[in-house]
Novice: 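Before I ask anything, here is the structure I am working with.
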Amino acid sequence: MNSIEQLLVNPRLTVRREGSPKSDGKCVVYWMQRAQRGTDNPALDVAITAANELQRPLVVFFGLHPKYPNANQRHYAFLIQGLEETKQAVEKRGAAFAFRPFPNHDLLKFCAEVNPCLVVGDENPMREPEGWRLSAARHLTVPFWTVDADVIVPTKLFPKEEYAARTIRPKLHKLLPVFFQPLENPKALYQWKENDKPFSQEIDPQRLLEELPLDRSASVLPDVKGGTAEGMRVLQRFILERLASYDTARNQPHLAGTSELSAFLHFGHLSPLTIALAAREADAPQVAKDAFLEELIVRREVAINFVARNPQYDSLAGCPDWGQKTLTEHAADARAHLYTESQFESAATHDRLWNAAQQEMVTTGRMHGYLRMYWAKKILEWTRTPEEAFAIAVHLNDRYEMDGRDPNGYTGIAWAIGGKHDRPWAPKRNVFGMIRFMSGDGCARKFNVPAYIERVNKLVRGAQISLNWE
């Protein structure tokens, strides 16, 4: 087995287009999309190793597409803020970085320009980016590999849709000793001659935000910053100030008890392995570390499994049969309140707690995980049909959450509205049937609701964004 063939046994790697690397190719291309970082990136590691074996230089190609489904300027601002830092980290590892924003973002045109031996990409289970990878495999004329860079245990090792966290947990734990290890972060050995280095457009965040044809439906959040360095700062704050009490404080929305790392994970600015290793080695109670690693690994990766294996992950049709059946049986139940999507979006319901959760999302780009469940379940309770509820929840989540358009978000909505990864609950309730119910009174028994509402009110008063909905 030659050195390139040895790379192919990597369980993170999927061969999308077979064949031997092009013998007269000039370089290796890493098509960076989901894993937007220069360290602890298994896809970049594979690309560097392949380039070294082929004795060719490596170029990391980042083509900025301004029309990613359901993304808007809020999300692009966060993404772009991390690009210069990623470029510098890639260059420190001996590779070139080619940034090509719209309308010059096409991978095939870039490959025609640089003549690669091989193209490496990263994995993304979402429908649209997976479609882009399938298209690239059809149209590239050189081998194309993708590498699963944003999970601890490769998703391909779970080829079927898991029923719940309890079914994937033992499988993950069995494999963790293999994958829960630091990465080597190798360096590219073959450098580009300065005159041959592919062109990279200047990364000017403000100009890009102004000139790209972006969806402007959600305001940019001036206090929310992207990038690996900022992600590491937030991670260190969590490790030093919050991890020790995570097992209890994480379900207290009025407290600052969560990691606030979800956006950095979504955009690939931080690797889940980087975060998990930091938590594992932290000086904190084991019960707290175990609770955090359960969320980061088991819960996050069962969500990715759902999106990867269920093509209807963003609709009620992707929920289990028992959930759809019980909701259908109760579809005609009378609703005490009915609201339009516009009323939900502008936080104009009768429920002060629900309104505060919606305002937190619009104002900060985040919503506490416990309240995301309550938020989605109340949309089910206050809309005409469960299908409408699901669509509204997805639309609002994707528009305002910094980690919207993500497996965690779709799985959370499917859990709350359609019983995904849950079980039937008795007795049956109006509208919900056997879907788990949540109430404001129940929330009041679990955390300080007035304190949470006041905290959000302060955030709204201090926000530098417009909350005047059209």
Side-chain angles (χ1 to χ4, degrees), residues 69-70 126-127 161-165 302-303 305-307 309-358 361 367 369-401 404-443 469:
N70 303 319
M126 303 288 291
R127 182 183 302 110
E161 184 178 354
E162 295 290 331
Y163 184 78
V302 77
N305 167 266
F306 169 49
V307 168
R309 306 293 173 238
N310 191 320
Q312 296 174 302
Y313 60 80
D314 54 354
S315 71
L316 190 66
C319 294
D321 291 343
W322 72 263
Q324 296 185 57
K325 181 175 183 292
T326 195
L327 289 172
T328 298
E329 290 172 349
H330 290 265
D333 290 357
R335 272 72 168 161
H337 304 276
L338 283 175
Y339 296 107
T340 64
E341 181 171 345
S342 177
Q343 288 173 309
F344 283 121
E345 186 168 19
S346 55
T349 79
H350 68 285
D351 184 332
R352 293 181 65 231
L353 175 59
W354 193 95
N355 293 344
Q358 173 69 14
M361 179 171 67
M367 185 189 297
Y370 186 83
L371 282 173
R372 279 208 210 192
M373 299 185 293
Y374 178 78
W375 173 86
K377 285 183 178 295
K378 291 304 169 186
I379 296 177
L380 170 62
E381 189 174 349
W382 302 331
T383 47
R384 290 171 177 80
T385 68
E387 290 83 3
E388 180 186 7
F390 205 107
I392 290 173
V394 165
H395 184 224
L396 295 181
N397 180 80
D398 283 1
R399 171 173 286 183
Y400 292 110
E401 291 277 11
R405 312 153 328 283
D406 187 271
N408 271 351
Y410 296 121
T411 305
I413 292 168
W415 178 90
I417 293 178
K420 184 65 187 175
H421 298 156
D422 204 0
R423 62 175 176 83
W425 287 75
K428 292 183 179 180
R429 290 181 176 270
N430 187 59
V431 179
F432 287 81
M434 300 182 76
I435 299 294
R436 186 195 301 245
F437 180 74
M438 291 179 71
S439 69
D441 289 342
C443 290
W469 291 270

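Residue numbers run from 1 in the order of the sequence given.
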Novice: Might you point out which heavy atoms bring F306 and K420 nearest each other, and give the distance in Å?
Specialist: CD1-CE, 3.5 Å
Novice: Is C443 close to L353 at the side-chain level, that is, under 4.5 Å between some pair of heavy atoms?
Specialist: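 A side-chain contact under 4.5 Å exists here.
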Novice: Please identify each residue that fulfils side-chain contact (heavy atoms from CB on, under 4.5 Å) with K428, with sequence neighbours left out.
Specialist: E329, H330, M434
Novice: Is it true that D351 and Y339 share a donor-acceptor pair across their side chains at a distance under 3.5 Å?
Specialist: no
Novice: For a quick test of reading the model, state the closest non-hydrogen atom pair linking N397 to M361 and the distance between them.
Specialist: CA-SD, 4.3 Å
Novice: If you take all heavy atoms of Q343 and L338, which pair is closest and at what distance?
Specialist: OE1-O, 4.2 Å
Novice: For R436, check side-chain contact (heavy atoms from CB on, under 4.5 Å) against everything at least two apart and list the hits.
Specialist: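 Listed in chain order: K377, W415, D422, W425.
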Novice: Where do A416 and A376 come nearest, in terms of heavy atoms and distance?
Specialist: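 Heavy-atom minimum between the residues: CB-CB, 3.6 Å.
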Novice: Can you see which heavy atom on A347 is nearest to which on Q358, and at what distance?
Specialist: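 Minimum heavy-atom separation between A347 and Q358: CB-CG, 4.0 Å.
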Novice: Between E345 and Y400, is there a side-chain donor-acceptor contact under 3.5 Å, judged purely by atom types and distance?
Specialist: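 Yes.
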Novice: Could R429 and E381 be called an ion pair, given the rule that one side-chain N must be under 4.0 Å from one carboxylate O?
Specialist: no
Novice: Can you give me the closest heavy-atom contact between A357 and L371, atom names plus distance?
Specialist: CB-CB, 4.3 Å
Novice: Quick check on R384: does its CZ atom have over 12 non-hydrogen neighbours (other residues, nucleotides or ligands) under 6.0 Å away?
Specialist: no
Novice: Does H421 reach the side chain of T411, with side-chain heavy atoms less than 4.5 Å apart?
Specialist: yes
